[in-house]
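The figures that follow rest on heavy atoms only: side chains count, while hydrogens, waters and symmetry mates do not. Chain identifiers are assigned alphabetically (A, B, ...) following the order of the sequence lines, protein sequences preceding nucleic acid strands; residue numbering begins at 1 within each chain. All values derive from a computational prediction rather than experimental measurement.
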Amino acid sequence: MPELPEVENVRRSLIPHLVGHTLTEARLLRADVCTTENAATPTPADLLQGATVRSIERRGKQLAVVADTGRVLNIHLGMSGQVLVRPANPTPEEKHVHAVWTTAARSIIFKDPRRFGGLWTFSTFEALLISRWRMLGPDALDADPLTWVASLRRGRRCIKATLLDQSVVAGIGNIYADEALHRAGVHPATLSHRLSPARASALGDSVRRVLAEAVEAGGSTLRDYRNADGVSGRQQEKHLVYGRSGERCLACSAPLRTATLAQRTTVWCPRCQTKR
DNA sequence: AGGATAGCCTGCGGGC
DNA sequence: TGCCCGCAGGCTATCC
């Protein structure tokens, strides 16, 4: 569920708790959620114990906590991952907490029931860029759309699959793919190579608009998503198609259609969204 | 090599 | 009440 807007809100909410703060302790409670560069067992130092946080970066749906030592902790939330701020004093038993960091003022926990997410440690930011982030396309919000909009027209698969492909453009998940397609009037089953340059450009604009709007609304909370301070998002109230299977289109009142596309539940309006 | 598919994992809601 | 099943889905590995 956490897509670009949710991850960006986690990033922003973490900054006051982490940037400029020293991590006095880093504890890994479940070793298999964390991977190091050389596949060795992660040490507390790998997890930034003793370091001061310099910045928190994001690319697509992934975060990178950069320490003043140059070390980097890459966090991917997957489906159910959360980074949450807790009081400094010992927290009551909480399920599915896999890592805990301590600062002078707070504890920060990584919690992930479904464990589709994880942690990756790197000795430098460059090491992250040439390994895990090498397969990510440009960030859907931060990058110039000219760098990726033309790529939406490549391939023989449907445009929904292309939007979800993180190597084309990074940050779009199932929710915002459907929302952007509806806003652009593009049918999700349109073959990517059949998309006209003008429609690809319009779709790129829709992607950016819906993501920017969602960031400002604090992301979408369907069930679990919260920012690091535990605050829910409000963008789910603005969804035009996602989660509205069987209901009527808010733009034209035609019954919305639902099908599985690219192995994802896909909702669209058969009247507003066309293949050409 | 691009693209489709299976599998990972847990919680929840519906049906019986 | 309780059990079972289906569903949610980001990403990697594997296959075609």
### Task
Please check if Ile15(A) and Ile108(A) belong to a single hydrophobic cluster, counting links between Ile, Leu, Val, Met, Phe, Trp and Tyr side chain heavy atoms closer than 4.5 Å.
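Yes, because Ile15(A) and Ile108(A) connect within a single hydrophobic cluster, where side-chain heavy atoms sit under 4.5 Å apart.
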### Message
Any base atoms under 4.0 Å from Arg154(A), or only sugar-phosphate, or nothing? Heavy atoms, all strands.
### Response
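Nothing: the residue Arg154(A), judged by heavy atoms under 4.0 Å, touches no strand.
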Whole-Å distance between [N] [atom2] and [X] [atom1]?
| X | N | atom1 | atom2 | answer |
| --- | --- | --- | --- | --- |
| Asp224(A) | dC9(B) | CG | C1' | 13 Å |
| Leu222(A) | dG13(B) | CG | C1' | 15 Å |
| Arg114(A) | dC7(C) | CZ | P | 15 Å |
| Lys61(A) | dT12(C) | NZ | C1' | 14 Å |
| Trp133(A) | dG10(C) | CH2 | P | 18 Å |
| Asp32(A) | dC8(B) | CG | P | 14 Å |
| Asp165(A) | dA1(B) | CG | P | 16 Å |
| Asn174(A) | dC11(C) | CG | P | 12 Å |

Under 4.0 angstrom between [X] side-chain N/O and [N] OP1 or OP2:
| X | N | answer |
| --- | --- | --- |
| Lys95(A) | dG11(B) | yes |
| Thr265(A) | dA8(C) | yes |
| His96(A) | dG11(B) | yes |
| Arg115(A) | dG11(B) | no |
| Tyr242(A) | dG9(C) | yes |
| His76(A) | dC11(C) | yes |
| Gln166(A) | dC11(C) | yes |

### Task
Would you confirm whether Arg11(A), through its side chain, and Leu63(A), through its main-chain N or O, come within 3.5 Å as a donor-acceptor pair?
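Here the side-chain-to-backbone pair does not exist.
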### Query
Taking atom CZ of Arg208(A) as the centre, does the number of heavy atoms from other residues, nucleotides or ligands within less than 6.0 Å exceed 12?
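Counting neighbours around CZ of Arg208(A), more than 12 heavy atoms of other residues, nucleotides or ligands fall under 6.0 Å, so yes.
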### Query
Can you find a pair of side-chain heavy atoms, one from Tyr176(A) and one from Arg183(A), that are under 4.5 Å apart?
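The answer is no, as the side chains (C-beta and beyond) never meet within the 4.5 Å cut-off.
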### Task
Just compare dT10(B), dG10(C), dG3(B) and give me whichever is closest to any side-chain atom of Arg157(A).
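In terms of side-chain proximity for Arg157(A), the closest of dT10(B), dG10(C), dG3(B) is dG3(B).
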### Task
Check every atom of dG9(C), dT5(B), dG3(B) against the side chain of Gln263(A) and return the nucleotide holding the closest atom.
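Taking heavy atoms from C-beta onward, the closest nucleotide is dT5(B).
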### Query
With a 3.5 Å cut-off and just heavy-atom distances, do the side chain of Arg264(A) and the base of dG10(C) make a donor-acceptor pair?
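It does, because a donor-acceptor pair links the side chain of Arg264(A) to the base of dG10(C) below 3.5 Å.
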### Query
Say you draw a straight line from CD1 of Ile172(A) to CG of Leu181(A); how long is it, rounded to the nearest 0.5 Å?
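CG of Leu181(A) is found 9.0 Å from CD1 of Ile172(A).
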### Message
Pick the closest DNA chain B nucleotide for Phe116(A) and for Gly155(A) by heavy atoms, then say which residue is nearer the 5' end.
### Response
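Nearest nucleotide further toward 5': that of Gly155(A).
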